[in-house]
Amino acid sequence: MGLLEQKRHFSVNLLDWYMVNRRDLPWRRHNNPYFTWVSEIMLQQTRVDTVIPYFNRFIGNFPTVQALAEAPEEEVLKNWEGLGYYSRARNLQAAARQVMELHGGEMPQDKQAVFALKGVGPYTAGAILSIAFNQPQPAVDGNVMRVLSRYFLIDEDIMKGSTRVLMEELAGELIPEGRARDFNQALMELGALVCTPKAPHCLTCPVMEQCSGRIAGRELTLPVKTKAKPPRPEQRLVAIVEGRGAHRGRVLVRQRPATGLLARMWELPHVLAAPAAAGKAAGPLADEPAMALLAGSLWAEGFAARPEGLATHAEHVFSHIVWSLQVYKCTEQDQSNELPLIAAEARAAYDAQAAGKDHSSSASAASELATTHSEQFHSVTSLLSNPSEDADLLDESPVAYDAQLTLTGKGDGLTYRWIGPEDMDKMAFPNIFLKLISSYFAGAYDDVNE
DNA sequence: AAGACGGGGAA
DNA sequence: TTCCCAGTCTT
């Protein structure tokens, strides 16, 4: 059988299969370009089953491009909470504003215009043009590359940019006349339901008979794909600061910077405990130095808090980082004359920790740090436990004096806020902090003390 | 070309 | 537990 015939067989049988087996998904019920757009952004790196409830809520709250463009950014982020890759949400809203200003609120149908929208790359542009407007443009995602690499026995590494270009050329040739909308979705549907990554269901595949990969016994070794680098480990110390006095019943949170990891999301205050040695986890820090470092870093941000004890351990996995979290329950302290001194020493400990970052090649930076500064840590912990004693302990310490001069009460300019349970439904948190804060408000850490 | 950027589901 | 999934933007 020739290649031309193999291609025709693929297109015809796949399309027939799809018309019978297509899933009824919320964004497939209307030919609304805005719905298509939102769904395609949400579906990047995210499973259909995960997206469905998010999509329904998002469209309910922002039913049109205009509604999305005019919404407060925090509200958009809240609607994305838990989906991950939050720049998608910020780019989507920025693009909605582009559509309002440049195209009068109507989705453009021109390829260059669609591609120019923030967050829209080669895949999403092709998906929007084909699904929303039935234009014969390829939409090559991971599913499509897997299906094509198997059916046509393509050995190219799908992680390479050149392979995607090659796949796009092939996918474009396969689109039956006038059927781009259904065919592109059929290709992805097959990859999601039948031609799955680990255990493909070849026996129910509509194009099994002419699948070169299966015929060659290669269905389990295709596509060729270079492995991703393992994520780097980070040990972090997290504070759940329980408010007192005016802040009773509240907990201290802060908003992350506008760029970078988890941009503009809210979180519990935390600090990097120790740098990891190359390729190895730093390992947990002993409680005493951990609590001193936490108190010091909180003070550097303008907050007096006494760590009470370890509340829990937690882990949070990103694609490029693994956070191992030591979570400490802390109590807000009253302002008092001793606090600047306590703070100075805590800051010294904090600075010592920061200096420790330079020794990242050391195999056990954390334990070394703990040993070297154990006296400082001890005195900080002691001071925080008994603020009335040892007030003059630090007078002879130059670093403490310097720290006093430089302490301004505000560190990185992050926004801090004392919140109660009722505030949780307005602010967007990464899942890990959502869980920790919910557990705290549910009383899970009530018995933590020294 | 390589790294940054989340979170969940399946084996 | 361990493994897998993989679009776009930035540098």
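Just so it is clear: chains get the letters A, B, ... in the order the sequence lines come, proteins before strands, and each one is counted from 1. Since this is a predicted model, take the numbers as computed values, not measurements.
The pair A:Asp182-A:Arg22 does not count as a salt bridge, with every side-chain nitrogen at least 4.0 angstrom from each carboxylate oxygen. Contact check on A:Lys78 versus A:Glu74 returns no salt bridge, with no Lys/Arg side-chain nitrogen under 4.0 Å from an Asp/Glu carboxylate oxygen.
Of all the residues in residues 134-146 of chain A, A:Asp141, A:Gly142, A:Asn143, A:Arg146 reach under 4.0 Å from DNA chain C with at least one non-hydrogen atom. Of the residues in residues 257-264 of chain A, those lying under 4.0 Å from DNA chain B by heavy-atom distance are A:Gly260, A:Leu261, A:Leu262.
Counting only heavy atoms from C-beta outward, the side chains of A:Gln210 and A:Asn13 never approach each other to under 4.5 Å. Inter-residue side-chain proximity for A:Arg97 and A:Gln93 is flagged as met; some heavy-atom pair is nearer than 4.5 Å. No side-chain heavy atom of A:Asn184 sits under 4.5 Å from any side-chain heavy atom of A:Pro138.
Atom pair A:Lys225:NZ and C:dC3:P shows a separation of 14 Å (rounding to whole Å applied). If you measure from atom CD of A:Gln44 to atom P of B:dG6, you get 13 Å, rounded to the nearest angstrom. Atom pair A:Lys229:NZ and B:dA1:P shows a separation of 18 Å (rounding to whole Å applied). Rounded to an integer number of Å, the gap from CD1 of A:Ile158 to P of C:dG7 is 9 Å. Atom CD1 of A:Ile128 is separated from atom P of C:dG7 by 14 Å (rounded to the nearest Å). Taking atom CD1 on A:Ile41 and atom C1' on B:dC5, their separation rounds to 14 Å, with Å as the unit. Protein atom CG of A:Leu92 is 16 Å distant from nucleotide atom P of B:dG6, rounded to whole Å. Note: CD1 (A:Ile52) to P (B:dG7) measures 20 Å, nearest angstrom.
Out of C:dC4, B:dG7, B:dC5, the shortest distance to the side chain of A:Tyr86 is found at B:dG7. Taking only side-chain atoms of A:His320, from C-beta outward, the nucleotide of C:dA6, B:dC5, B:dG7 with the closest atom is B:dC5. Among the nucleotides C:dA6, B:dG6, B:dA4, the one closest to any side-chain atom of A:Arg232 is B:dA4.
For A:Thr64, the side-chain contact (heavy atoms from CB on, under 4.5 Å) test picks out A:Gln66, A:Ala67, with sequence neighbours left out. With sequence neighbours excluded, the residues forming a ring pair (Phe, Tyr, Trp, His ring centres under 6.0 Å) with A:Phe433 are A:His270, listed by chain and number.
For A:Arg8, the CZ atom counts as loosely surrounded, since its 6.0 Å shell holds 12 or fewer non-hydrogen atoms of other residues, nucleotides or ligands.
Below 30°, between 30° and 60°, or above 60°: for A:His9 and A:Tyr151 the angle between ring planes is below 30°, a parallel geometry. Ring orientation note: the planes of A:Phe303 and A:Trp418 are nearly perpendicular, at an angle over 60° on the 30°/60° scale.
Although no hydrogens or angles enter the test, the distance criterion places a donor-acceptor pair under 3.5 Å between the side chain of A:Tyr54 and the main chain of A:Glu81.
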Polar atom pairs between nucleotides 9-11 of chain C and protein, under 3.5 Å, N or O only, would you list them?
| from | atom 1 | to | atom 2 | distance (Å) |
| --- | --- | --- | --- | --- |
| C:dC9 | OP1 | A:Gly119 | N | 2.5 |

Quick one: which protein N/O atoms are closer than 3.5 Å to N/O atoms of nucleotides 8-11 of chain B? Pair and distance per line, please.
| from | atom 1 | to | atom 2 | distance (Å) |
| --- | --- | --- | --- | --- |
| B:dG8 | OP1 | A:Asn431 | ND2 | 2.6 |
| B:dG8 | OP2 | A:Asn431 | ND2 | 3.1 |
| B:dG8 | N2 | A:Arg47 | NH1 | 3.4 |

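Here A:Thr124 lies in heavy-atom contact (under 4.0 Å) with sugar-phosphate atoms only. Within the nucleic acid shown, A:Tyr85 comes within 4.0 Å of at least one base atom, counting heavy atoms only. Among the heavy atoms of the strands, none lies under 4.0 Å from A:Ser87.
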Applying side-chain hydrogen bond (donor to acceptor under 3.5 Å, both in side chains) to A:Ser212 and A:Gln6, what does each step give before you reach the verdict?
CA-CA 9 Å; A:Ser212 296; A:Gln6 191 185 16; 2.9 Å; yes

Set out, in order, the CA-CA distance, both residues' side-chain angles and the distance that settles side-chain hydrogen bond (donor to acceptor under 3.5 Å, both in side chains) for A:Gln45 and A:Arg88, then state yes or no.
CA-CA 11 Å; A:Gln45 276 77 50; A:Arg88 290 184 295 172; 5.6 Å; no

Run the side-chain hydrogen bond (donor to acceptor under 3.5 Å, both in side chains) test on A:Glu40 and A:Thr124 for me, step by step, so that the C-alpha distance in whole Å, both residues' side-chain angles and the decisive distance to 0.1 Å come before the verdict.
CA-CA 6 Å; A:Glu40 288 301 337; A:Thr124 307; 5.8 Å; no

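With hydrogens and angles ignored, no donor-acceptor pair closer than 3.5 Å exists between the side chain of A:Gln45 and the base of B:dG6.
If you check the side chains of A:Glu301 and A:Tyr416, you find a donor sitting under 3.5 Å from an acceptor.
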